[in-house]
Asker: 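Input: one structure, supplied below.
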Amino acid sequence: MIDNNIKDCREELEMTQKELGFVFGVTKNTVSGWENGHDSMPFSKLIKFCNLYDYSLDYVVGFIRRNIKYDKIKTNKDKIGKKLKELRNELDITQSILAKECGISQSTYSSYEKGKYLINTLTIYSICKKYNISMDYIVGRTNKKNIK
């Protein structure tokens, strides 16, 4: 489960769940699921949320307590994949080990590293939390690798 600040951010923006749902083309119930941790916001929508409302990924997912504003980013599967591979090599672990730690198959993880698919929110959250890595670093918003 992701500890998140989506509800706090939404309330700070003075938006209802229905209004935020409209922005992302989802229902109020979907937004509620994101806020209470029953479901995770897809990573592309999480990036869009942070870009639209000037939030740090690390702040929204609860890694840090104070928001840091960064430049807008484009979702780039290839760049994210390269960062994941670079990180895995620095940690000196195999794709199989990392995939097992995240509860996914090695072929799925490999597809993320190759930029074939955008990594899902729970997987990137798990990696970043376990290894104390900034999500904003993984997507290229900051050069600061560690969360704290």
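Index from 1, following the sequence.
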Asker: If you apply the rule side chain to side chain contact (heavy atoms under 4.5 Å, CB included), what do you find for Y137 with D58, and how did you get there?
Answerer: CA-CA 9 Å; Y137 170 78; D58 294 329; over 6 Å; no

Asker: Linking I/L/V/M/F/W/Y whenever any side-chain heavy atoms sit under 4.5 Å apart, do V23 and F43 land together?
Answerer: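 The answer is yes; both residues are in one hydrophobic cluster.
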
Asker: Checking T123 now: which residues fulfil side-chain hydrogen bond (donor to acceptor under 3.5 Å, both in side chains) with it, not counting sequence neighbours?
Answerer: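 Testing T123 for side-chain hydrogen bond (donor to acceptor under 3.5 Å, both in side chains), a comparison that skips the adjacent residues, returns N120.
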
Asker: Strictly by salt bridge (Lys or Arg N to Asp or Glu O under 4.0 Å), give each pair with a member in residues 16-34 just once, sequence neighbours left out.
Answerer: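 Of all non-adjacent pairs touching residues 16-34, none passes salt bridge (Lys or Arg N to Asp or Glu O under 4.0 Å).
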
Asker: Can you measure from NZ (K129) to CG (L122) and round to the nearest 0.5 angstrom?
Answerer: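 Between atom NZ of K129 and atom CG of L122 there are 12.5 Å.
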
Asker: Pairs in or reaching into residues 30-39: which pass salt bridge (Lys or Arg N to Asp or Glu O under 4.0 Å), with residues at least two apart or in two chains?
Answerer: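 Counting only pairs at least two positions apart or across chains, the salt bridge (Lys or Arg N to Asp or Glu O under 4.0 Å) contacts touching residues 30-39 are R10-E35.
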
Asker: I need the L20 CG to I6 CD1 distance, nearest 0.5 Å.
Answerer: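 L20 atom CG to I6 atom CD1 measures 8.0 Å (nearest 0.5 Å).
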
Asker: Working to the nearest 0.5 angstrom, can you tell me the gap between C102 SG and K130 NZ?
Answerer: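 With rounding to 0.5 Å, SG (C102) is 9.0 Å from NZ (K130).
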
Asker: Side chains of L87 and I127: does their closest heavy-atom pair fall under 4.5 Å?
Answerer: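 Touching, per the 4.5 Å side-chain cut-off.
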
Asker: Side chains of W34 and S40, heavy atoms from C-beta outward: is any pair under 4.5 Å?
Answerer: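 Side-chain contact under 4.5 Å: no.
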
Asker: Taking atom CG of D92 as the centre, report whether more than 12 heavy atoms of other residues, nucleotides or ligands fall under 6.0 Å from it.
Answerer: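 Atom CG in D92 is not crowded, with 12 or fewer foreign heavy atoms closer than 6.0 Å.
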
Asker: Can you list, pair by pair, the side-chain donor-acceptor contacts under 3.5 Å of residues 44-53, counting residues two or more places apart and other chains?
Answerer:
from: N51; atom 1: OD1; to: I73; atom 2: N; distance (Å): 3.0
from: N51; atom 1: ND2; to: I73; atom 2: O; distance (Å): 2.5

Asker: Side chains of T27 and T30 only: does a donor on one sit below 3.5 Å from an acceptor on the other?
Answerer: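 T27 vs T30: donor-acceptor pair found between side chains.
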
Asker: Show, in sequence, the C-alpha distance, side-chain angles and deciding distance for E90 and K145, and conclude whether the side chain to side chain contact (heavy atoms under 4.5 Å, CB included) test is met.
Answerer: CA-CA 12 Å; E90 286 176 21; K145 187 186 321 182; 2.2 Å; yes

Asker: For residues S110 and S107, is any side-chain donor paired with an opposing acceptor at under 3.5 Å?
Answerer: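 The criterion, which ignores hydrogens and geometry beyond distance, is not satisfied for S107 and S110.
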
Asker: Does Y131 form a side chain to side chain contact (heavy atoms under 4.5 Å, CB included) with L98? I'd like the steps, not just the answer.
Answerer: CA-CA 11 Å; Y131 296 104; L98 194 52; 3.8 Å; yes

Asker: Using side-chain heavy atoms (C-beta onward) and a distance below 4.5 Å, is L84 in contact with Y109?
Answerer: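 Contact flag for L84/Y109 side chains = yes.
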
Asker: Distance only, no hydrogens: is a donor on one side chain within 3.5 Å (strictly under) of an acceptor on the other, for Y55 and E12?
Answerer: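 Checked: Y55/E12 side chains pair up, N/O donor to acceptor below 3.5 Å.
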
Asker: For side chain to side chain contact (heavy atoms under 4.5 Å, CB included), just list the numbers for Y59 and C9, CA-CA rounded to whole Å, side-chain angles, deciding distance to a tenth of an Å, and then say yes or no.
Answerer: CA-CA 9 Å; Y59 176 72; C9 294; 3.6 Å; yes

Asker: Kindly state each residue pair satisfying salt bridge (Lys or Arg N to Asp or Glu O under 4.0 Å) with at least one member in residues 98-116, sequence neighbours excluded.
Answerer: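 Sorted result for residues 98-116: R88-E113.
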
Asker: I'd like to check I133 versus I147 (side-chain heavy atoms, cut-off strictly below 4.5 Å). Are they in contact?
Answerer: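 With C-beta onward as the side chain, the pair stays apart.
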
Asker: Determine which pairs satisfy side-chain hydrogen bond (donor to acceptor under 3.5 Å, both in side chains) with at least one residue from residues 63-83, sequence neighbours left out, and list them in order.
Answerer: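 Passing the test, one end in residues 63-83: D54-K72.
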
Asker: So, T121 side chain and M41 main chain: donor-acceptor pair closer than 3.5 Å or not?
Answerer: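 Confirmed, T121 side chain pairs with M41 backbone.
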
Asker: Taking atom CG of N89 as the centre, does the number of heavy atoms from other residues, nucleotides or ligands within less than 6.0 Å exceed 12?
Answerer: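 More than 12 within 6.0 Å, yes.
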
Asker: Keeping N132 on the side-chain end and N146 on the backbone end, is there a donor-acceptor pair under 3.5 Å?
Answerer: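 Judged by distance alone, no pair lies under 3.5 Å.
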
Asker: Compare all side-chain heavy atoms of S134 with those of T142 and state whether any distance is below 4.5 angstrom.
Answerer: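 Contact flag for S134/T142 side chains = yes.
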
Asker: What are the two closest non-hydrogen atoms of M135 and C128, and how far apart are they?
Answerer: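 Scanning both residues, the minimum pair turns out to be CG-SG, 3.7 Å.
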
Asker: Is it true that Y117 and I119 fall in one hydrophobic cluster, defined by side-chain heavy atoms closer than 4.5 Å?
Answerer: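 Shared cluster, yes.
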
